[in-house]
Amino acid sequence: MAKAGGGLIWATAEDLARNRPVVLSMYRQILRALNSPALPLGHAARLAKKAECRAIFIFGAEERSLHNIQDLLDAARHTLGLLNRGRLP
C-alpha cells in the first residue's frame, strides 16, 4: 500500500466492504431517478442513460483508490440531485 501525506491511498478490504452498500444504493437511486416521468427523455434516450450509468458504476467497481471512490460517490450525489430536480446531467 502506498502512503500520501501520512494517509493510505489504496482501499483495504474493510474500506471496500464499507463503501459497497453506499455505492449500490447510489446506483439504484440514479436508475430510479432516470425512470422519472419528469425527465424529458424518450424510451431510447432513457435506456442509453441507464447504460451509461451502468458502465460508469461497473468501471468504478474495479477502483481501488480511496480518492477515486470518493470522487465517484460525489459525482453520483451531484447527478442524483440534478435528476431529482428534473434536469439531465
Side-chain angles (χ1 to χ4, degrees):
M1 283 190 205
K3 288 190 174 205
L8 295 175
I9 60 170
W10 300 112
T12 63
E14 293 83 20
D15 294 327
L16 295 174
R18 185 175 37 254
N19 285 325
R20 183 175 171 83
V22 176
V23 172
L24 286 174
S25 174
M26 293 302 295
Y27 174 66
R28 289 182 188 126
Q29 288 178 49
I30 289 173
L31 288 182
R32 272 190 241 118
L34 285 170
N35 281 331
S36 171
L39 292 176
L41 291 173
H43 183 67
R46 196 173 304 274
L47 290 177
K49 285 290 186 185
K50 286 181 180 182
E52 181 182 346
C53 177
R54 190 174 304 112
I56 290 168
F57 276 89
I58 287 173
F59 179 72
E62 301 296 322
E63 188 56 59
R64 297 293 180 249
S65 165
L66 292 175
H67 296 116
N68 291 347
I69 292 170
Q70 189 60 43
D71 288 345
L72 175 67
L73 289 174
D74 290 343
R77 286 184 189 101
H78 177 72
T79 298
L80 188 59
L82 290 174
L83 290 170
N84 287 336
R85 288 191 298 266
R87 296 176 55 205
L88 293 174

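The residues of the chain are indexed from 1 along the displayed sequence. The model shown is predicted, which means the values in this text are computed figures rather than measured ones.
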Nearest heavy atoms of [X] and [Y], plus distance in Å:
X: Gly86; Y: Pro40; value: O-CD, 4.2 Å
X: Ala33; Y: Asn84; value: CB-OD1, 4.1 Å
X: Gly60; Y: Leu72; value: CA-CD2, 4.0 Å

Atom [atom1] in [X], atom [atom2] in [Y]: separation rounded to 0.5 Å?
X: Glu52; Y: Leu34; atom1: CD; atom2: CG; result: 9.0 Å
X: Met26; Y: Thr79; atom1: CE; atom2: OG1; result: 8.0 Å
X: Ile30; Y: Leu83; atom1: CD1; atom2: CG; result: 7.0 Å
X: Leu31; Y: Leu80; atom1: CG; atom2: CG; result: 10.5 Å
X: Gln70; Y: Glu63; atom1: CD; atom2: CD; result: 12.5 Å

So, do Lys50 and Asn35 sit near enough that their side-chain heavy atoms are less than 4.5 Å apart? yes

For atom CZ of Arg46, is the number of surrounding heavy atoms from other residues, nucleotides or ligands below 6.0 Å larger than 12? yes

Please determine whether the number of non-hydrogen atoms from other residues, nucleotides or ligands lying under 6.0 Å from atom CZ of Arg87 exceeds 12. no

Where the side chain of Arg54 meets the backbone of Tyr27, is there a donor-acceptor pair that is under 3.5 Å apart? no

Using side-chain contact (heavy atoms from CB on, under 4.5 Å), reason through Val23 and Leu73 one step at a time and then give a plain yes or no. CA-CA 7 Å; Val23 172; Leu73 289 174; 3.6 Å; yes

When clusters are formed by joining ILVMFWY residues with side-chain heavy atoms under 4.5 Å apart, either directly or through shared neighbours, do Leu47 and Ile56 land in the same one? no

